[in-house]
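When reading the values below, keep in mind they use all heavy atoms of this one structure, side chains included, and skip hydrogens, waters and symmetry mates.
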Amino acid sequence: QVQLVESGGGLVQPGGSLRLSCAASGIIFRAYSMGWYRQAPGKQRELAAYISSGGRTNYTDSVKGRFTISRDNNKNTAYLQMNNLKLDDTAVYYCVAGLHCWGQGTQVTVCS
């Protein structure tokens, strides 16, 4: 059974940092690309960051230079380091393995 469990969300002030984690089980983690999607209230879900099985990364323009996606294949875990957070980063963040395996989401709220 595939399971993706996100953690690390919370409430932070603008300019602050958070690190999200996504612990995977039930898959051959190293073979999967991993992504972090986010969905803000009233907005469409968007892919914020992506890392291929080989470590190639890609980011949506609004988070470039502030967010860093990484993976630890020994721990079956993907990470999203978020720095200099802005009000517009408020959203539910979802971890995705491949195209179809989704976590339950973790809330990130940026407010002053």
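Among all heavy-atom pairs drawn from Cys111 and Leu11, the shortest one is SG-CD1, 3.2 Å. Across every non-hydrogen atom of Ala97 and Leu4, the tightest pair is N-CD1, 3.7 Å.
With side-chain heavy atoms closer than 4.5 Å counting as contact, directly or through intermediates, the hydrophobic cluster containing Tyr94 also holds Tyr37, Leu47, Tyr50, Val92, Val96, Trp102.
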Could you please spell out the steps behind the side-chain contact (heavy atoms from CB on, under 4.5 Å) verdict for Gln107 and Thr90?
CA-CA 8 Å; Gln107 176 70 47; Thr90 294; 4.1 Å; yes

Applying side-chain contact (heavy atoms from CB on, under 4.5 Å) to Cys95 and Glu6, what does each step give before you reach the verdict?
CA-CA 7 Å; Cys95 171; Glu6 299 103 331; 3.6 Å; yes

How far apart are the C-alpha atoms of Val108 and Leu18, what are their side-chain angles, what is the distance that settles it, and do they pass the side-chain contact (heavy atoms from CB on, under 4.5 Å) test?
CA-CA 9 Å; Val108 172; Leu18 286 174; 3.9 Å; yes

Would Arg56 and Ile51 satisfy side-chain contact (heavy atoms from CB on, under 4.5 Å), going step by step from the backbone distance to the final call?
CA-CA 5 Å; Arg56 177 177 54 88; Ile51 185 167; over 6 Å; no

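Residue Gln3 holds its CD atom at 4.5 Å from OG of Ser25, rounded to the nearest 0.5 Å. Residue Arg30 holds its CZ atom at 10.0 Å from CG of Asn74, rounded to the nearest 0.5 Å. Considering CE of Met34 and OG of Ser52, their distance stands at 12.0 Å, rounded to 0.5 Å. Distance check, rounded to the nearest 0.5 Å: OH of Tyr32 to OG of Ser53 gives 11.0 Å. In this structure, CD on Gln81 lies 9.0 Å from CG on Leu20, to the nearest 0.5 angstrom. With values rounded to the nearest 0.5 angstrom, Thr68 atom OG1 is found 11.0 Å from Met82 atom CE.
Between Lys86 and Asp89 no salt bridge is recorded (no basic side-chain N to carboxylate O distance below 4.0 Å).
Of the possible polar contacts, none joining the Arg45 side chain to the Gln39 backbone as a donor-acceptor pair under 3.5 Å is found. Thr77 contributes a side-chain N or O that, together with a main-chain N or O of Lys75, makes up a donor-acceptor pair within less than 3.5 Å.
Judged as a salt bridge (Lys or Arg N to Asp or Glu O under 4.0 Å), not a single pair has a partner in residues 93-112 (not counting sequence neighbours). Residue pairs meeting the ring-ring contact (aromatic ring centres under 6.0 Å, His included) criterion with at least one member in residues 51-84, sequence neighbours excluded, do not occur.
Following chains of ILVMFWY side-chain contacts shorter than 4.5 Å, one can reach Val2 starting from Phe29, so the two form part of one hydrophobic cluster. Leu87 and Leu80 fall within the same hydrophobic cluster, where Ile, Leu, Val, Met, Phe, Trp and Tyr residues are linked whenever their side-chain heavy atoms come under 4.5 Å apart, directly or through other members.
Using a 3.5 Å distance cut-off with no hydrogens or angles, the side chains of Arg71 and Asn73 do pair a donor with an acceptor. If you check the side chains of Ser17 and Asn83, you find a donor sitting under 3.5 Å from an acceptor.
Taking the side chain as every heavy atom from C-beta outward, Arg38 and Glu46 approach each other to under 4.5 Å.
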